[in-house]
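When reading the values below, keep in mind they use all heavy atoms of this one structure, side chains included, and skip hydrogens, waters and symmetry mates. Chain letters run A, B, ... following the sequence lines, proteins first and then strands; every chain starts at 1.
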There are 2 protein chains.
Amino acid sequence: MSALDGLEVRRTTTAQQLADGLSERIMAGAFGPGDRLRESAIAAELGVARNTIREAVRILELTGLVRYEVNRGAVVIAPTPEKIDALYTARERLETAAASRTPRPEQLEAITRAFDDLVDATKSGDVQDVVDRDLAFHQAIVAVLDSTRLDEFFASLTKELRFYLTVLSRQETPDEVVAQHRVIFDAIRLGDRERAVAELRAHVDVSVEQLKQLLH
Amino acid sequence: MSALDGLEVRRTTTAQQLADGLSERIMAGAFGPGDRLRESAIAAELGVARNTIREAVRILELTGLVRYEVNRGAVVIAPTPEKIDALYTARERLETAAASRTPRPEQLEAITRAFDDLVDATKSGDVQDVVDRDLAFHQAIVAVLDSTRLDEFFASLTKELRFYLTVLSRQETPDEVVAQHRVIFDAIRLGDRERAVAELRAHVDVSVEQLKQLLH
DNA sequence: GACGACAAACTGTAGTACAGTTCAACTGTA
DNA sequence: TACAGTTGAACTGTACTACAGTTTGTCGTC
């Protein structure tokens, strides 16, 4: 332990900080799906140059939260049934692939912790927290694949999904959430991979249908 | 069929075109791994403004070919043993997940076509072409997962990989290439999923070792 | 040969300018 | 009233200039 542990200079650019900040705001719903990010307005409000904002938004594009349209600038992504399907299909493939593997002890522990956290969260009743724990549980499952690249990719899917969930403010009873995840968790814990895969598949099917209904 | 089919206006920005062009050059080896992309030099040479180049490079970042370092600008990604491992692990997980599924007839046809193309390419002796067909074959396998998002993700891995392969100009006899892929293809064609998975795994192992040796 | 000062090259950011595009409000017409 | 065409404000895409702060290579010194 050095005396300088934790000390760190501000090794980041203005554009990066802006991107992080904007990302947060978008996730919190400050900009709705389909909204345009107007460069001059943001630049003026935050007191930075327009090209810096432009760069920040390009960084934001990396995370998938906005996309560029020619002559319209950055637009916050909006959920469509097709996008929801594509998102959940990818999730389902990754999670079932993970569930077909035998987790290492520490991976099983991580999944167990994630499940316990989820149960706790449902008791507290904080909807946003439940969503986060829910997604964290699934991330822990994917981690069994032992691939950082896939972890990252899944995290980006999760980020998109979390955004959709936020803006759609899904309503689900905590008991349902726990029940659905418990069967998955039990199957994994008991090493019943076939059932884990089947339950995951069913869980994803239910979720995608619920979500698509919210879009009317 | 409309009378205007295929008619399209040039709906793209300068920055996007620059990004495409730069991507091509990098892939072709005009910039080696670890090289910096100097903004003013490129801007001057191409007769565009520096901020346009900056934007183009941010777009490039999306494809994963370069990454930004604070105060050093854009740097072409360089292969390290860890990166190679991470790349191949992700590939292996996706491909084996795909190989555990039963392909639909048209997917099997696509795989067959890809394999035939690969065989043809080895006969012609064009190394770059062989690499392309090789990767296309694997992409066809991943397509069995039926997920556009995963297809895209795999394509991005492929792009990185192809770049590494190009700069390392791997040498392998065409016969070896065909033989390795034939066992995989045969297993898939015959519906022997277990063997397909095993052969894919072995193939990836061999490739990653070869590639890591090239890095010394 | 290691060290440190110095200079050159470059990035990060600000700010201004302007042509071209989008979009919504307005206008005239059937 | 419905609709086509026009107009103008708002905004994007791009260029150019400027400068502080950082990195890096070089050169002289110990």
Side-chain angles (χ1 to χ4, degrees), chain A residues 4 7-26 30-78, chain B residues 4 7-26 30-78:
Chain A
L4 296 176
L7 177 63
E8 214 172 303
V9 287
R10 192 189 63 94
R11 208 108 198 82
T12 173
T13 65
T14 309
Q16 182 63 60
Q17 294 175 55
L18 288 169
D20 293 342
L22 286 174
S23 172
E24 231 172 78
R25 303 310 163 92
I26 293 173
F31 296 88
D35 280 5
R36 290 171 61 182
L37 263 48
R38 293 211 171 67
E39 299 170 356
S40 357
I42 299 175
E45 192 169 330
L46 300 182
V48 296
R50 188 155 73 95
N51 52 1
T52 304
I53 291 292
R54 238 180 126 75
E55 202 174 325
V57 174
R58 283 294 183 189
I59 296 175
L60 252 187
E61 202 182 6
L62 281 173
T63 69
L65 232 48
V66 304
R67 73 175 188 293
Y68 260 90
E69 292 180 12
V70 176
N71 282 319
R72 295 197 71 226
V75 178
V76 178
I77 53 166
Chain B
L4 295 177
L7 176 63
E8 214 174 302
V9 287
R10 192 186 61 94
R11 206 111 198 80
T12 175
T13 66
T14 309
Q16 182 62 61
Q17 293 174 56
L18 288 168
D20 293 343
L22 285 174
S23 172
E24 230 172 79
R25 302 308 162 91
I26 292 173
F31 297 87
D35 280 6
R36 290 172 61 183
L37 263 49
R38 292 210 170 68
E39 299 170 357
S40 359
I42 299 176
E45 192 169 330
L46 300 182
V48 294
R50 186 156 76 94
N51 51 2
T52 304
I53 291 293
R54 240 180 124 74
E55 203 175 324
V57 174
R58 283 293 183 188
I59 296 175
L60 252 187
E61 202 182 6
L62 280 174
T63 69
L65 232 49
V66 304
R67 73 175 188 294
Y68 259 90
E69 292 179 13
V70 177
N71 281 320
R72 295 197 74 226
V75 179
V76 178
I77 54 167

Trainee: Heavy-atom distance under 4.5 Å between the side chains of B:I77 and B:V66, does that happen here?
Mentor: no
Trainee: My understanding is that a pair needs two contacts under 3.5 Å, Watson-Crick or G-U wobble. By that rule, which nucleotide pairs with D:dT14?
Mentor: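 When the pairing criteria are applied, C:dA17 turns out to be the nucleotide that pairs with D:dT14.
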Trainee: How many whole angstroms separate atom CG of A:N71 from atom P of C:dC23?
Mentor: 9 Å
Trainee: How long is the line joining CD of B:E69 and C1' of C:dC10, in whole Å?
Mentor: 14 Å
Trainee: In this structure, are over 12 heavy atoms from other groups packed under 6.0 Å from B:E45 atom CD?
Mentor: no
Trainee: So, is A:T52 near the phosphate of C:dT13, with a side-chain N or O under 4.0 Å from OP1 or OP2?
Mentor: no
Trainee: Donor-acceptor pairs under 3.5 Å, side chain of residues 19-26 of chain A to any protein atom, not counting sequence neighbours: which ones?
Mentor:
from	atom 1	to	atom 2	distance (Å)
A:D20	OD1	A:Q16	NE2	3.2

Trainee: Indicate whether OP1 or OP2 belonging to D:dT12 is found under 4.0 Å from a side-chain N or O atom of A:R54.
Mentor: no
Trainee: Is it true that B:E61 and B:R67 make a salt bridge, defined as a side-chain N closer than 4.0 Å to a carboxylate O?
Mentor: no
Trainee: Is B:R72 side chain donor-acceptor paired with the C:dG12 base, going by distance under 3.5 Å alone?
Mentor: no
Trainee: Mind running a 4.0 Å heavy-atom check of residues 30-39 of chain A against DNA chain C and sending the residues that fall below it, in number order?
Mentor: none
Trainee: Report the residue (A:N51 or A:G73) whose heavy-atom-nearest nucleotide on DNA chain D is the more 5′ of the two.
Mentor: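 Checking each residue's closest nucleotide, the 5'-ward one belongs to A:G73.
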Trainee: Does any part of the side chain of A:L60, heavy atoms only, come nearer than 4.5 Å to the side chain of A:L37, both counted from C-beta?
Mentor: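 Side chain of A:L37 against side chain of A:L60, heavy atoms only: contact under 4.5 Å found.
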Trainee: Just the rounded figure in Å: distance from C1' of D:dT12 to CD of B:E55.
Mentor: 10 Å
Trainee: Do B:L62 and A:L62 touch side chain to side chain, with heavy atoms closer than 4.5 Å?
Mentor: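 Yes - at least one pair of side-chain heavy atoms lies under 4.5 Å apart.
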Trainee: What nucleic acid atoms does A:A41 come within less than 4.0 Å of, heavy atoms only: base, sugar-phosphate, or nothing?
Mentor: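 No contact.
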Trainee: Please tell me if B:T13 has a side-chain N or O lying less than 4.0 Å from either OP1 or OP2 of D:dG13.
Mentor: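 False: B:T13 side-chain N/O out of range (4.0 Å or more) of D:dG13 OP1/OP2.
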Trainee: Could you check how far CD1 of A:I53 sits from C1' of C:dA14, rounded to whole Å?
Mentor: 12 Å
Trainee: Given D:dG13, C:dT11, C:dA14, which nucleotide is nearest the side-chain atoms of B:R50?
Mentor: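 For the B:R50 side chain, the nearest candidate turns out to be C:dT11.
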Trainee: How would you label the contact of B:Q16 with the nucleic acid (heavy atoms, under 4.0 Å): base, sugar-phosphate, or nothing?
Mentor: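 No contact.
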Trainee: Rounded to the nearest angstrom, tell me the gap between atom CD1 in B:I42 and atom C1' in C:dA9.
Mentor: 15 Å
Trainee: Within the 4.5 Å heavy-atom criterion, are A:V75 and A:R72 side-chain neighbours or not?
Mentor: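 Of all side-chain heavy-atom pairs linking A:R72 with A:V75, at least one is under 4.5 Å.
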Trainee: So which nucleotide from D:dC11, C:dG12, C:dC10 ends up closest to the side chain of A:S40?
Mentor: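 Looking only at heavy atoms from C-beta outward on A:S40, the closest nucleotide is D:dC11.
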